[in-house]
Amino acid sequence: MKKRKPQARTDGHIRIISGKFKGRKLPVKDVEGLRPTTDRVKETVFNWLMADTRDANVLDCFAGSGSLGLESLSRFAKHATFIELDKTAATQITQNIHTLALDNARVINTSALDYLRNNDEQHTFDIVYLDPPFRKDLLFPCCELLESAGWLHDDSLIYVEFEKEAQPNFPANWQLLKEKKAGQVICMLFNRGPA
């Protein structure tokens, strides 16, 4: 009996669903733990954010494929910062930014926690995407750092995605605006109020 070879993992793609790059497919490297947000969930998120994306300063933590930040830029966000620890994934986001000829985006190849610990420039974001790898307990520390290091202003919007089994605590001044369950994933949109 012949032994079957293990299935080779193949690279995939993300699709921009609306805006100036609508319909564009961009390559995504197959990196362990990378879960690009599905088109169905992405449509929900950007329906929630429809009135807020234009001219927004966006932070895509745990960027992975860069899907959420790139979708924001397609919808006329002013600037997007992508934080991605995996070098291969970060390089692919950079290549996709060049493919789209964008000059209002930057990719930082570091851990989200390291990036968020230090806000020397007192920079704030209008929209933050938090979709950390599952089962690594990263969501709560990131929420804490967003607050304590001054990354948010009083009207910032924070989108979070986490596994149904997780029970994250969110800062008391974050007001839940929207919530959706999609399979094993819970999606929430918060508005930050004064601390």
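Note that the numbering runs from 1 along the sequence shown for the chain. For clarity, every value in this text was computed on a predicted model and none was experimentally measured.
In this structure, the side chains of I158 and R192 come closer than 4.5 Å at one or more pairs of heavy atoms. Side-chain atoms of T94 and E84, non-hydrogen and from C-beta on, never get closer than 4.5 Å to each other. In this structure the side chain of I93 never reaches within 4.5 angstrom of the side chain of S65, judged on heavy atoms. Residues T99 and R24 form a side-chain contact, since some pair of their non-hydrogen atoms from C-beta on lies under 4.5 Å apart.
A search for ring pair (Phe, Tyr, Trp, His ring centres under 6.0 Å) contacts involving F190 returns F170, W174, not counting sequence neighbours. Listed by chain and residue number, nothing satisfies the side chain to side chain contact (heavy atoms under 4.5 Å, CB included) test with K78 (two or more places apart in sequence, or in another chain).
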Practice problem: Please lay out, stage by stage, how F134 and V185 fare under the test side chain to side chain contact (heavy atoms under 4.5 Å, CB included). | Solution: CA-CA 10 Å; F134 289 165; V185 175; 3.8 Å; yes
Exercise. For side chain to side chain contact (heavy atoms under 4.5 Å, CB included), just list the numbers for L145 and R117, CA-CA rounded to whole Å, side-chain angles, deciding distance to a tenth of an Å, and then say yes or no.
Key: CA-CA 6 Å; L145 287 169; R117 277 190 190 102; 4.0 Å; yes
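Side-chain atoms of D60 never come within 3.5 Å of backbone atoms of F82 as a donor-acceptor pair (strictly under, hydrogens ignored).
Using modelled atom types and a 3.5 Å distance limit, the side chains of S72 and Y129 yield a donor-acceptor pair. In this structure, a donor-acceptor pair under 3.5 Å is absent between the side chains of S74 and K22.
Across S111 and D114, no two heavy atoms sit closer than the pair OG-N, 3.0 Å.
Rounding to the nearest 0.5 angstrom, the gap separating the CG atom in L73 from the CD atom in E71 is 10.0 Å. The OG atom of S156 lies 9.0 Å from the CD atom of E147; values are rounded to the nearest 0.5 Å.
Criterion: ILVMFWY side-chain heavy atoms under 4.5 Å apart, direct or through other members. Under it, L152 and M188 are part of a common hydrophobic cluster.
Contacts classified as side chain to side chain donor-acceptor pair (under 3.5 Å) and involving residues 44-56 (residues at least two apart or in different chains) are given here: T44-K180.
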